[in-house]
*Asks:* 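Provided herewith is a single structure, encoded as structure tokens, for subsequent inquiry.
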Amino acid sequence: MSLIQSLSPEFRQRCEAIATEQRSLLRVRSFEPLAADTLAAKLGATLFTPDQLPNLEPEQVTLLLANDEWSGAIISDRPLWIVYNPMLVKLWCNFSAM
């Protein structure tokens, strides 16, 4: 069972409602790409890549940067810090340029 499937339908519906609300506030339609930096700026979040985190071991950084099985994670909520996978950003940019 995937992580998404293990979440309750109520939780997934709430997440969808939040995503829809944020997209509406930013005037981005549901099928349009939403740049992470745009959403982060609206939320007052700071974005990091794994290699920008000083407490990660080099092996952890290497593993995270070579892996496309994760997209991002909140590592602090006050202040709001998000670590994201730059590999997926590159893939998205290459895809959207087609």
Side-chain angles (χ1 to χ4, degrees):
M1 175 183 303
S2 73
L3 174 62
I4 296 296
Q5 292 171 330
S6 69
L7 301 172
S8 74
E10 295 80 14
F11 180 79
R12 291 187 308 217
Q13 288 172 349
R14 180 69 184 131
C15 289
E16 285 296 325
I18 291 169
T20 299
E21 176 185 25
Q22 293 302 316
R23 286 177 163 278
S24 175
L25 293 170
L26 292 167
R27 302 192 191 298
V28 177
R29 293 180 286 188
S30 62
F31 57 86
E32 294 176 325
L34 174 56
D37 57 345
T38 301
L39 181 59
K42 185 208 175 287
L43 298 175
T46 302
L47 296 175
F48 298 93
T49 57
D51 55 332
Q52 295 173 314
L53 300 174
N55 295 334
L56 284 183
E57 296 294 328
E59 297 82 14
Q60 294 170 316
V61 172
T62 300
L63 178 65
L64 289 170
L65 290 175
N67 190 324
D68 66 355
E69 295 180 7
W70 70 283
S71 57
I74 295 173
I75 57 174
S76 172
D77 66 347
R78 288 189 181 88
L80 183 54
W81 291 354
I82 301 170
V83 62
Y84 71 96
N85 188 341
M87 176 187 285
L88 296 182
V89 172
K90 289 177 188 172
L91 290 173
W92 178 84
C93 290
N94 289 337
F95 175 75
S96 65
M98 294 180 168

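Nothing fancy with the numbering, it's 1 onward along the sequence. Model, not experiment: these values are computed from the prediction.
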*Asks:* Taking atom CZ of Arg14 as the centre, report whether more than 12 heavy atoms of other residues, nucleotides or ligands fall under 6.0 Å from it.
*Replies:*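 Check fails, neighbour count at 12 or below.
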*Asks:* Taking only residues at least two apart or on different chains, which pairs with a member in residues 10-29 satisfy ring pair (Phe, Tyr, Trp, His ring centres under 6.0 Å)?
*Replies:*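 Applying ring pair (Phe, Tyr, Trp, His ring centres under 6.0 Å) to every pair that reaches into residues 10-29, excluding sequence neighbours, yields nothing.
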*Asks:* Can you get from Leu80 to Leu26 by hopping between Ile, Leu, Val, Met, Phe, Trp and Tyr side chains that sit under 4.5 Å apart?
*Replies:*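 Cluster IDs for Leu80 and Leu26 match.
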*Asks:* Rounded to the nearest 0.5 Å, what's the gap from CD on Glu32 to CZ on Arg27? Could you check?
*Replies:*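 If we round to the nearest 0.5 Å, Glu32:CD and Arg27:CZ are 12.5 Å apart.
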*Asks:* On a heavy-atom basis, which atom in Gly72 and which in Trp70 lie closest, and how many Å separate them?
*Replies:*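 For Gly72 and Trp70, the tightest heavy-atom pair comes out as N-CE3, 3.5 Å.
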*Asks:* For residues 35-56, dump all side-chain donor-acceptor pairs below 3.5 Å to protein atoms at least two apart in sequence or in another chain.
*Replies:*
from, atom 1, to, atom 2, distance (Å)
Lys42, NZ, Gln22, OE1, 3.2
Thr49, OG1, Asp51, OD1, 2.4
Thr49, OG1, Gln52, OE1, 3.3
Gln52, OE1, Thr49, N, 2.7

*Asks:* If hydrophobic clusters are built from ILVMFWY residues whose side chains come within less than 4.5 Å, do Leu65 and Trp81 share one?
*Replies:*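 Yes: a chain of side-chain contacts under 4.5 Å links Leu65 to Trp81.
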*Asks:* Can you get from Val83 to Leu34 by hopping between Ile, Leu, Val, Met, Phe, Trp and Tyr side chains that sit under 4.5 Å apart?
*Replies:*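 No, Val83 does not connect to Leu34 through the hydrophobic network.
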*Asks:* Each residue besides Phe31 in its hydrophobic cluster should be listed here, by chain and number; the cluster joins Ile, Leu, Val, Met, Phe, Trp and Tyr at side-chain heavy-atom distances under 4.5 Å.
*Replies:*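 Other cluster members: none.
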*Asks:* Has Thr62 got a side-chain atom pairing as donor or acceptor with Pro58's backbone, closer than 3.5 angstrom?
*Replies:*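 Checked: pair present.
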